[in-house]
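A quick write-up on the structure given underneath.
Numbers restart at 1 for each chain; the letters A, B, ... are given by sequence-line order, proteins then strands. All values derive from a computational prediction rather than experimental measurement.
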2 protein chains.
Amino acid sequence: MAPSDRGPRERMVFSAAQLIRRDGVASTGMREVAAHAAAPRGSLQHYFPGGKEQLVNEAVGWAGRYAGNRVARFLAALPEPTPGGLFAEMVRQWTDEYEAVGFAGGCPVAAATVDCAESTAATREAAAAAFATWAGPVARALADMGVPEERTGALATLMISSLEGAVLIARAERDVRALNTVARELGPLLDAAVSKAD
Amino acid sequence: MAPSDRGPRERMVFSAAQLIRRDGVASTGMREVAAHAAAPRGSLQHYFPGGKEQLVNEAVGWAGRYAGNRVARFLAALPEPTPGGLFAEMVRQWTDEYEAVGFAGGCPVAAATVDCAESTAATREAAAAAFATWAGPVARALADMGVPEERTGALATLMISSLEGAVLIARAERDVRALNTVARELGPLLDAAVSKAD
DNA sequence: CGGCTACTATGACCACTGTCATAGCCGGTG
DNA sequence: CACCGGCTATGACAGTGGTCATAGTAGCCG
């Protein structure tokens with residue numbers, strides 16, 4: 001699932017994201033991150049002199065970039081790209097995971113927002129940046145599909161909002177129902193946004 | 001904002017919800033809850049022999065009931081109830097708060113889900129129950145407005161998902177943009193769901 | 001060889017948490 | 001008055017957290 005043989009630094013960032021996804025920021029310990037990454041504990045203070053805050057911020061940034069990069073893959077997987085199809089793929093990544101390995105993990109950016117939005121300004125900004133680097137490719141993809149420029153941003157926000165909320169509900173219920181619901185209900189609306197002059 | 005003169009027990013549950021909303025479950029201490037509720041620390045073990053878990057679960061339940069009860073108020077505030085109007089009111093509760101007192105707080109149910117879904121089964125179930133007691137009144141309201149029965153549940157889920165996600169993004173960005181966006185984009189879709197035979 | 005840099009290894013510190021044990025208050029009732 | 005239940009008050013405990021200090025290793029350069 002993840003490249004386990006990268007530098008230890010990268011592994012720790014990745015592990016931090018994984019653990020934050022599962023337990024939230026506050027419940028994730030530094031020692032735990034090092035152990036999960038099979039990295040020496042002493043490396044934490046070496047690679048992340050900024051402490052836990054720096055590690056969390058990098059994990060959040062990593063998650064944002066990951067989500068943004070997935071968009072291109074989703075598009076490539078679609079025979080004929082449509083907004084609704086893209087959203088269905090975004091949702092499917094979650095339903096696939098939940099059905100395959102269970103409901104252990106949520107979105108790390110959401111976790112960081114919930115846990116740090118008020119207490120840690122830098123992390124809050126990292127989360128906002130992550131949402132932006134995620135929404136950017138989505139909006140561009142919508143534009144490429146023929147959605148008018150003035151609506152791409154709003155629809156991208158709607159897609160990400162619905163997805164995040166559905167992930168939350170799905171995790172609480174341990175059921176992918178909410179995810180499937182938003183995909184089904186939102187698909188037609190998204191497809192209807194492509195201007196017919198194409 | 002809240003009835004400050006209820007029993008100490010109720011005040012503690014309410015304070016717990018407030019603090020969880022702000023900092024997440026893990027970062028909210030029991031002593032902090034007692035202090036915030038102006039309640040004696042010794043009362044914690046008296047009223048909540050189940051410890052923190054019980055307190056958190058009750059706070060989540062309280063939040064779910066609160067959200068469910070708000071629905072009736074929103075409907076009463078609308079001259080002519082429509083699905084899009086109801087959703088706009090639900091969103092407006094958040095934009096009003098954020099513009100009035102800042103972006104300190106999110107949804108306590110979301111916070112509990114993020115922090116406890118994997119670690120504490122009972123809290124996860126409490127969160128699922130809270131979402132259900134919230135979605136119920138929403139779905140019933142949609143039905144009363146003429147939405148076909150077979151779609152009310154799905155649309156309620158869509159509304160709550162989008163709202164939760166938008167709250168998350170708004171908090172990260174410290175901007176109500178996402179909230180306004182989902183309200184604007186989803187309104188027409190919701191209104192279009194009322195069957196015309198009415 | 002010495003010296004330097006990158007990284008690793010541990011142990012200690014201090015702040016704090018949830019929980020428990022114990023004791024005290026205080027208003028009723030008999 | 002004695003008694004007792006509901007509630008409060010505090011101190012202690014054991015555990016865990018992030019962080020710092022210090023020392024060690026490995027490898028390259030000169």
For residues 43-55 of chain A, dump all side-chain donor-acceptor pairs below 3.5 Å to protein atoms at least two apart in sequence or in another chain.
from, atom 1, to, atom 2, distance (Å)
A:Lys52, NZ, A:Val25, O, 3.1
A:Lys52, NZ, A:Thr28, O, 2.9
A:Gln54, OE1, A:Gly50, N, 2.7
A:Gln54, NE2, A:Glu58, OE2, 3.2

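- At whole-Å resolution of the value, CZ in A:Arg31 and C1' in D:dT16 are 8 Å apart.
- Of the candidates C:dT8, D:dT19, C:dG18, D:dT19 carries the atom nearest the A:Met30 side chain, counting heavy atoms from C-beta on.
- Residue A:Thr28 is classed as a sugar-phosphate contact, given heavy-atom separations below 4.0 Å to backbone atoms only.
- Using a 4.0 Å cut-off between charged nitrogen and carboxylate oxygen, A:Glu185 and B:Arg151 count as a salt-bridge pair.
- For A:Arg92, the CZ atom is loosely surrounded, since the number of other residues' heavy atoms within 6.0 Å does not exceed 12.
- In this structure, A:Arg11 places its CZ atom 13 Å from C1' of C:dC7, rounding to the nearest Å.
- Residue pairs meeting the ring-ring contact (aromatic ring centres under 6.0 Å, His included) criterion with at least one member in residues 52-90 of chain A, sequence neighbours excluded, are A:Phe14-A:Trp62, A:Trp62-A:Tyr66.
- Residue A:Arg9 contributes atom CZ, which lies 14 Å from atom C1' of C:dA6 at whole-angstrom precision.
- Summarising the local packing, CD of B:Glu150 is surrounded by more than 12 heavy atoms from other residues, nucleotides or ligands at distances under 6.0 Å.
- The side chain of B:Lys52 approaches C:dG18 more closely than any other nucleotide in the set C:dA12, C:dG18, D:dT8.
- The pair B:Arg174-B:Glu99 does not count as a salt bridge, with every side-chain nitrogen at least 4.0 angstrom from each carboxylate oxygen.
- Rounded to whole Å, atom P of C:dT17 lies 12 Å from atom CG of B:Leu19.
- At a non-hydrogen distance threshold of 4.0 Å, A:Arg41, A:Gln45 from residues 35-50 of chain A come into contact with DNA chain D.
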